[in-house]
Amino acid sequence: LYTVLENYGYTVKNKVLGIKNKLSGIYGTPQVQKDNNFYIFSFSGKGTKVLLYMKDYPNGKTKCKVYYYSKKLFRMILLR
């Protein structure tokens with residue numbers, strides 16, 4: 001379903017926050033969902049929907065994946 005995946009694996013939280021800030025500059029302020037130490041930042045551009053998944057771990061590392069979806073493809077699948 002996704003068009004592009006950026007898998008950053010385990011990294012430091014500051015790097016993930018930098019990625020989030022870069023996406024905010026391109027796509028605007030995200031909607032945020034939080035469940036304990038797991039976050040989903042949902043961005044919406046003109047033709048693209050972007051989901052940034054971030055999970056904090058006790059060892060100080062953060063796991064991060066970013067999915068880019070075509071809004072047109074996303075809608076087609078949901079409407080079928």
Side-chain angles (χ1 to χ4, degrees):
L1 177 62
Y2 60 90
T3 306
V4 176
L5 163 66
E6 293 176 348
N7 185 356
Y8 293 92
Y10 293 97
T11 187
V12 293
K13 190 168 188 172
N14 283 341
K15 181 174 181 177
V16 177
L17 294 177
I19 294 165
K20 182 183 82 68
N21 289 338
K22 182 180 175 184
L23 291 170
S24 293
I26 297 168
Y27 298 104
T29 304
Q31 293 180 349
V32 182
Q33 296 176 354
K34 181 181 185 295
D35 183 17
N36 294 322
N37 58 344
F38 181 70
Y39 301 82
I40 300 172
F41 298 92
S42 177
F43 300 88
S44 191
K46 186 175 181 179
T48 307
K49 176 129 178 117
V50 181
L51 299 175
L52 183 151
Y53 293 93
M54 178 178 102
K55 184 172 182 179
D56 292 327
Y57 288 88
N59 65 1
K61 294 289 185 178
T62 300
K63 194 168 187 180
C64 175
K65 290 184 180 180
V66 181
Y67 294 88
Y68 296 84
Y69 298 89
S70 163
K71 281 187 174 179
K72 192 174 188 179
L73 174 64
F74 199 72
R75 258 188 240 117
M76 284 172 46
I77 292 171
L78 290 177
L79 293 175
R80 285 191 175 195

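Predicted, not measured: the structure shown is a model, and the values here were computed from it. For the single chain, residues carry numbers from 1 onward in sequence order.
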Could you check whether any side-chain heavy atom of F38 comes within less than 4.5 Å of a side-chain heavy atom of M54, counting everything from C-beta outward?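 The answer is no; the side chains never approach within 4.5 Å.
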
Kindly indicate whether the side chain of V66, heavy atoms from C-beta on, has any atom under 4.5 Å from the side chain of I19.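 Contact flag for V66/I19 side chains = yes.
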
Could you point out which residue of F41, F43, Y69, Y68 forms a side chain to side chain contact (heavy atoms under 4.5 Å, CB included) with L51?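 Between L51 and the candidates, side chain to side chain contact (heavy atoms under 4.5 Å, CB included) is satisfied uniquely by Y69.
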
Side-chain heavy atoms under 4.5 Å apart, restricted to Ile/Leu/Val/Met/Phe/Trp/Tyr: what other residues fall into the cluster of V12, or is it alone?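 Direct or chained contacts put V12 with none.
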
Output the distance between atom CG (L52) and atom CD1 (I40), rounded to the nearest 0.5 Å.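 L52 CG to I40 CD1: 10.0 Å, rounded to 0.5 Å.
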
Working note: K55 + T62, criterion side chain to side chain contact (heavy atoms under 4.5 Å, CB included); need CA distance, chi angles, decisive distance, verdict. CA-CA 6 Å; K55 184 172 182 179; T62 300; 6.0 Å; no

If I compare all heavy atoms of C64 with all of N7, which pair ends up nearest, and what's the gap?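 Shortest heavy-atom contact: O-OD1, 3.7 Å.
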
Residue pairs passing the side-chain hydrogen bond (donor to acceptor under 3.5 Å, both in side chains) test where at least one lies in residues 18-45, sequence neighbours excluded: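 For residues 18-45, and leaving out neighbouring residues, the side-chain hydrogen bond (donor to acceptor under 3.5 Å, both in side chains) pairs sorted by first residue read S42-K49, S44-K71.
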
Of all pairs that satisfy side-chain hydrogen bond (donor to acceptor under 3.5 Å, both in side chains), the ones with a partner from residues 10-19, not counting sequence neighbours: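 Pairs touching residues 10-19 that pass the test: K13-D56.
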
Residues which pass ring pair (Phe, Tyr, Trp, His ring centres under 6.0 Å) with Y8, listed by chain and number, not counting sequence neighbours: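 Y8: no ring pair (Phe, Tyr, Trp, His ring centres under 6.0 Å) contacts found.
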
